[in-house]
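Nothing fancy with the numbering, it's 1 onward along the sequence. All values derive from a computational prediction rather than experimental measurement.
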Amino acid sequence: PKYSDVEILCEDEKKLHGCKAILAARSEVFEGLFYKGMKESYETQVSFPTINSSGMKIILEYIYAGSIKEESLTKDNTVEAFCAADYFQLTDLQDFIIKTIKNTLEENYMENDSPELLSKFAEKMPLTENNDLLNLLVEAVAAISLNEVEFDRLSISGLQYLLSYTYEKKMLFATPEYEVFRYSAILAAKNISNDAY
């Protein structure tokens with residue numbers, strides 16, 4: 001904060017600090033905000049109501065350092081970071097995130113976080129959105145039998161993504177139709193109440 005000239009307000013109401021010149025030099029979106037006559041040009045605060053602080057920290061690390069460490073990406077911030085990179089048009093960062101997730105899924109097949117990541121992605125991006133991360137996550141979840149996925153790991157919107165994309169793309173799906181119906185019914189019941197579940 002001592003040397004910053006802008007406060008960045010995030011979705012979760014946390015404040016981060018930055019230097020307008022550095023941010024603008026490394027991001028066309030920041031340049032447009034700070035130096036193209038937008039109201040943020042004259043203010044010392046900029047608000048991003050759809051980006052939480054965990055995703056914004058990854059963006060700032062990437063903008064300041066030109067790269068991020070793989071260990072900076074966790075199950076909790078990966079989707080946030082990807083969506084923030086999409087917003088700031090940082091395609092190299094998006095590619096790095098996809099590569100990191102792909103490597104993680106290949107190395108840790110038994111500890112597959114793809115159901116949680118797909119659920120988070122479904123909350124952040126519209127169903128019509130098609131991109132490489134979505135395809136990667138759908139393929140990873142489709143390869144797992146839903147009988148092996150606990151009901152709190154895959155949200156209803158995540159399941160909707162999964163079913164929609166596997167149907168549209170005619171992807172192989174590890175779960176037979178009856179088990180998909182059973183899983184869907186139990187997941188819906190769990191979202192209504194524990195008694196229904």
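- No side-chain heavy atom of Phe82 sits less than 4.5 Å from a side-chain heavy atom of Ile101.
- Scanning both residues, Ser4 and Gly18, for their nearest heavy atoms gives CB-O, 3.1 Å.
- Between the side chains of Asp195 and Ser193, no donor N or O sits under 3.5 Å from an acceptor N or O.
- Between Leu117 atom CG and Leu154 atom CG the span is 11.5 Å, to the nearest 0.5 Å.
- Residue Cys19 comes nearest to Asp5 through the heavy atom pair CA-OD1, 3.2 Å, listed as atom of the first residue, atom of the second, then distance.
- Heavy-atom minimum distance, Gly66 versus Arg26: CA-NH2, 3.0 Å.
- Rounding to the nearest 0.5 Å places CD1 of Ile186 at 8.5 Å from CD of Glu179.
- With a 6.0 Å radius and a threshold of 12 heavy atoms from other residues, nucleotides or ligands, Tyr64 has its OH atom above the threshold.
- Checked by atom type and distance alone, the side chain of Thr166 pairs as donor or acceptor with a backbone atom of Leu163 at under 3.5 Å.
- Environment of NZ in Lys99: sparse, with no more than 12 heavy atoms of neighbouring residues, nucleotides or ligands closer than 6.0 Å.
- In Glu71, the CD atom is crowded: over 12 heavy atoms of neighbouring residues, nucleotides or ligands sit closer than 6.0 Å.
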Intermediate values then yes/no, side chain to side chain contact (heavy atoms under 4.5 Å, CB included), Lys120 and Thr78: CA-CA 9 Å; Lys120 287 180 182 182; Thr78 299; over 6 Å; no

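- In this structure, the side chains of Arg182 and Asn147 come closer than 4.5 Å at one or more pairs of heavy atoms.
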Decide side chain to side chain contact (heavy atoms under 4.5 Å, CB included) for Ile8 and Leu23; before the verdict, give the C-alpha distance in whole Å, the side-chain angles of both, and the deciding distance to 0.1 Å. CA-CA 11 Å; Ile8 300 168; Leu23 296 172; 4.1 Å; yes

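- Panel note: side chain Asn77, backbone Ser72; a donor-acceptor pair is recorded below 3.5 Å.
- Looking at every heavy atom in both residues, Phe48 comes nearest to Met56 through CD1-CE, 3.4 Å.
- Atom-to-atom distance recorded for Glu139:CD and Leu136:CG is 6.5 Å, nearest 0.5 angstrom.
- Under the 4.5 Å side-chain criterion, counting only non-hydrogen atoms from C-beta, Leu118 is in contact with Leu134.
- Among all heavy-atom pairs drawn from Ala85 and Ile59, the shortest one is N-CD1, 3.5 Å.
- Heavy-atom neighbours of Glu168 CD from other residues, nucleotides or ligands within 6.0 Å: above the threshold of 12.
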Side chain to side chain donor-acceptor pair (under 3.5 Å) for Thr74 and Asp76? Distances and angles first, verdict last. CA-CA 5 Å; Thr74 66; Asp76 298 324; 4.7 Å; no

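- Side-chain N or O atoms of Glu80 include none that pairs as donor or acceptor with a backbone N or O of Ile58 at under 3.5 Å.
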Quick one, Leu9 with Leu16, criterion side chain to side chain contact (heavy atoms under 4.5 Å, CB included). Give me CA distance, side-chain angles, the key distance, then yes/no. CA-CA 7 Å; Leu9 298 175; Leu16 303 174; over 6 Å; no

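- Atom CG of residue Asp132 and atom CD of residue Gln94 lie 9.0 Å apart, to the nearest 0.5 angstrom.
- Between the OG atom of Ser157 and the CG atom of Leu162 there is a distance of 11.5 Å, given to the nearest 0.5 Å.
- With no hydrogens or angles considered, no side-chain donor-acceptor pair links Ser155 and Glu123 at under 3.5 Å.
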Run Leu137 and Tyr161 through side chain to side chain contact (heavy atoms under 4.5 Å, CB included) and show every step you take. CA-CA 10 Å; Leu137 293 174; Tyr161 257 56; over 6 Å; no

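- The minimum heavy-atom distance between Pro115 and Asn112, with the atom names listed, is CD-O, 3.7 Å.
- Defined by atom type and a distance below 3.5 Å, a donor-acceptor pair is present between the side-chain atoms of Ser54 and Asn52.
- Connection of Ile156 to Phe181 is not established within any shared hydrophobic cluster, with ILVMFWY side chains joined at heavy-atom distances below 4.5 Å, either directly or through further cluster members.
- Note that NZ of Lys20 and CD of Glu31 are 13.5 Å apart. Values are rounded to the nearest 0.5 Å.
- In this pair, Phe34 and Phe30 present their aromatic rings parallel. The plane angle is below 30°, not in the 30 to 60° band.
- Contacts of Glu28 classified as salt bridge (charged side-chain N to carboxylate O under 4.0 Å, His left out), with partners at least two apart in sequence or in another chain: none.
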